[in-house]
Amino acid sequence: MANLFPRWTNILPLQILVVLGLIGAAVTVGVWYYFTPKYTRVGYQPVQPVPFSHALHVNQLRMDCRYCHTYVEKAAHSNVPTTQTCMNCHTQIKKDSPKLEAVRESWRTGEPIPWVWIHKTPDYVYFNHAAHVNRGVSCVHCHGNVNKMEVVYHAKPLSMSFCLDCHRAPQEFIRPVAEVTNLDWKAPSREDQLVMGKKLVHDWQVSPPVNCQGCHR
């Protein structure tokens with residue numbers, strides 16, 4: 001009796017199993033990478049050229065975030081402080097501290113301090129700092145309690161789902177603009193936050209995009 005199937009079909013089950021195994025492995029690797037801190041950079045804490053303590057400068061000395069990050073309300077990007085900003089104080093305060101030698105060297109040579117950038121979005125993502133800060137999105141929401149960090153680290157995932165959570169329900173996150181840089185501020189309760197948030201969303205006509213082209217331009 002003639003065979004119903006050609007001979008090459010004998011290895012078809014094995015080929016199917018191999019393909020399914022490869023797909024399973026790819027999915028496992030993708031989930032392991034894209035849904036873990038390795039991808040979201042959570043916990044990333046590089047060594048900086050100058051041991052700058054936000055806990056000291058912000059929490060104890062009560063310095064406003066905008067004194068150093070001067071563009072955050074005006075430009076699409078924030079900025080690290082220039083050497084001039086540091087030296088405004090440190091020509092008088094701890095002017096001979098060995099910890100500040102890199103600052104003094106930058107001041108003498110005109111070369112910028114090689115700060116290590118911690119928070120950054122991929123090239124394919126558009127993010128405007130000023131648009132968020134001027135509509136009540138606090139620094140603490142994206143960067144964590146930087147005011148209590150001796151060494152700044154990457155505290156939040158800043159993933160697409162992280163952003164969409166806020167874009168889909170801005171009333172749960174926005175606050176009065178006067179409290180944006182007050183990293184310890186919180187609404188008295190969730191109910192108060194929602195009442196206040198809904199009013200701010202209405203008054204400011206906040207309508208964050210949730211489509212692809214809103215952030216991927």
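Please read these numbers as outputs of a predicted model, since none were measured by experiment.
Separating the CZ atom in R108 from the OG1 atom in T83 is a distance of 11.5 Å, to the nearest 0.5 Å. For the atom pair OG1 of T121 and CG of L158, the computed distance is 8.5 Å after rounding to the nearest 0.5 Å. From H54, atom NE2 reaches atom CG of N59 across 11.0 Å, with rounding to the nearest 0.5 Å. Interatomic distance, CG of N182 versus SG of C139, reported as 10.0 Å (0.5 Å rounding). Of the inter-residue distances, the one linking K74 atom NZ with H129 atom NE2 reads 14.5 Å to the nearest 0.5 angstrom. I93 contributes atom CD1, which lies 12.0 Å from atom SG of C86 (distance to the nearest 0.5 angstrom).
Note: H141 and F162 meet the aromatic proximity criterion, with ring centroids under 6.0 Å apart.
At distances below 3.5 Å, not a single donor-acceptor pair connects side-chain atoms of H202 with backbone N or O atoms of K198. Using a distance-only test at 3.5 Å, with no hydrogens or angles considered, no donor-acceptor pair links the side chain of Q171 to the main chain of V201. Under the 3.5 Å distance criterion, the side-chain polar atoms of E73 are left unmatched by any main-chain donor or acceptor of N134. Without hydrogens or angle criteria, Q48 side chain to W117 main chain gives no donor-acceptor distance under 3.5 Å.
Residues satisfying the ring-ring contact (aromatic ring centres under 6.0 Å, His included) criterion with H69, sequence neighbours excluded, are absent altogether.
At a threshold of 4.5 Å between non-hydrogen side-chain atoms, the residues L100 and W107 do not count as touching. Residues H216 and V125 are in side-chain contact: their nearest non-hydrogen atoms beyond the backbone lie under 4.5 Å apart. Between S138 and E179 the shortest side-chain heavy-atom distance does not fall below 4.5 Å.
Nearest heavy-atom pair, K95 versus R104, reported as atom, atom and distance to 0.1 Å: O-NH1, 2.9 Å. Closest approach of L200 and V206 over heavy atoms only: O-CG2, 4.3 Å.
Using cut-offs of 30° and 60° for the angle between ring planes, the F52 and W115 rings count as perpendicular.
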